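Below: one structure, written as structure tokens.
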Amino acid sequence: MNRYPQYQTHLNPTVDNLSQAIFVVNRHAKTATDPKFLYKLKHDSLKKLMNEGKAKKLGLHFSSNPKNSQQQSDILIECGKYMFHLPPTKKDFEELPHLGSLSNDVRNPKSTISLNQAKKLLIQYTGIKEPEQDNQIRKKKYVKPVFKKLGESY
């Protein structure tokens, strides 16, 4: 049934669980040293939910953190009780209404899922595999420092 048995989780892939998992992954991606995989997981999960009709695009928002431009817009997506932003395509600018600036009054509910469980659930749901190069970077061998006597050259 599952292509990746090491990524099995006890959570069922319901809309509420998936949206909570996306929220947790997105929150951790914002502070991660290498967020590329976490953002890919969020993006692919939301795309799959939209294709299944479990999430919908509401409109465009001005981004609160534009990259190299003065203004940048993001798609506002509703999934369960949660709201998310994704980068827009040209087609989105033609089809979706612009909602203006982001409102600080709207907040996503708190989540009780751990990052590990969230990643497992989204990997199980989307079928993408986590790159293994991250584990190799962490496992650097410890090298003892070499101390020379005072006055000796290196």
Side-chain angles (χ1 to χ4, degrees), residues 1-140:
M1 182 177 147
N2 190 1
R3 289 184 275 178
Y4 309 108
Q6 71 270 25
Y7 294 116
Q8 286 183 338
T9 180
H10 67 277
L11 295 171
N12 294 324
T14 63
V15 175
D16 285 336
N17 285 343
L18 290 168
S19 57
Q20 263 191 70
I22 295 168
F23 173 74
V24 169
V25 164
N26 188 45
R27 186 178 64 210
H28 282 82
K30 291 176 183 182
T31 57
T33 54
D34 187 22
K36 204 176 268 189
F37 175 70
L38 295 176
Y39 280 127
K40 180 170 178 42
L41 205 54
K42 170 195 170 188
H43 186 268
D44 290 358
S45 300
L46 283 172
K47 289 286 183 189
K48 187 170 180 181
L49 283 165
M50 285 188 288
N51 289 340
E52 294 173 354
K54 297 176 182 175
K56 63 180 179 177
K57 297 178 185 180
L58 298 179
L60 296 162
H61 263 165
F62 287 125
S63 178
S64 54
N65 299 317
K67 289 188 180 172
N68 298 326
S69 59
Q70 297 271 336
Q71 274 186 349
Q72 180 179 332
S73 293
D74 295 322
I75 306 171
L76 180 65
I77 298 172
E78 181 182 37
C79 181
K81 299 174 188 172
Y82 292 84
M83 303 283 199
F84 302 102
H85 284 107
L86 281 181
T89 62
K90 287 184 180 180
K91 189 178 177 184
D92 293 325
F93 281 105
E94 297 166 4
E95 295 176 352
L96 296 173
H98 209 291
L99 305 173
S101 297
L102 182 65
S103 172
N104 291 331
D105 298 335
V106 180
R107 289 273 183 222
N108 282 329
K110 291 192 176 192
S111 176
T112 56
I113 299 175
S114 70
L115 176 61
N116 200 18
Q117 286 294 317
K119 281 171 50 175
K120 284 180 182 179
L121 179 63
L122 295 178
I123 287 170
Q124 183 180 346
Y125 179 66
T126 59
I128 56 177
K129 195 171 183 181
E130 188 169 10
E132 301 211 6
Q133 56 186 318
D134 291 347
N135 295 335
Q136 294 171 355
I137 293 170
R138 286 188 215 137
K139 293 182 181 178
K140 289 184 179 177

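No experiment lies behind these values; they were computed from the predicted model shown.
The two atoms that bring Ser19 and Cys79 nearest to each other are CB-O, 3.3 Å, heavy atoms only. Scanning both residues, Ser45 and Thr126, for their nearest heavy atoms gives OG-CG2, 3.3 Å. Residues Gly59 and Leu99 approach most closely at CA-CD1, 4.0 Å, considering heavy atoms. Here the closest heavy-atom approach between residue Pro109 and residue Tyr82 is recorded as O-CE2, 3.3 Å. In this structure, Leu60 and Pro88 approach most closely via the heavy-atom pair CD2-CB, 3.9 Å. The minimum heavy-atom distance linking Ile128 with Ile123 is given by the pair O-CG2, 3.2 Å.
To the nearest 0.5 Å, atom CG of residue Asp44 and atom CG of residue Leu122 are 10.0 Å apart. Considering NE2 of His61 and OG of Ser73, their distance stands at 9.5 Å, rounded to 0.5 Å. Atom NZ of residue Lys81 and atom OG of residue Ser111 lie 11.0 Å apart, to the nearest 0.5 angstrom. For the atom pair CD1 (Ile113) and NZ (Lys120), the distance works out to 13.0 Å, reported to the nearest 0.5 Å. Going from atom NZ of Lys42 over to atom CZ of Arg27 covers 13.0 Å, rounded to the nearest 0.5 Å.
The shortest side-chain heavy-atom distance between Met50 and Leu86 falls under the 4.5 Å cut-off. Between Leu38 and Lys119 there is a side-chain heavy-atom pair separated by less than 4.5 Å. In this structure, Leu49 and Ile77 have side chains that are not in contact, with every pair of non-hydrogen atoms separated by 4.5 Å or more. At least one side-chain heavy atom of Met83 sits less than 4.5 Å from a side-chain heavy atom of Leu58. Here the side chains of Lys30 and Tyr39 are in contact, with some heavy-atom distance below 4.5 Å.
A side-chain contact (heavy atoms from CB on, under 4.5 Å) with Lys57 is found for one member of Leu76, Asp92, Leu46 and no other, namely Asp92.
Geometrically, Lys48 engages Tyr125 in a cation-pi contact, judged by NZ or CZ lying under 6.0 Å from the ring centre and within 45° of the ring axis.
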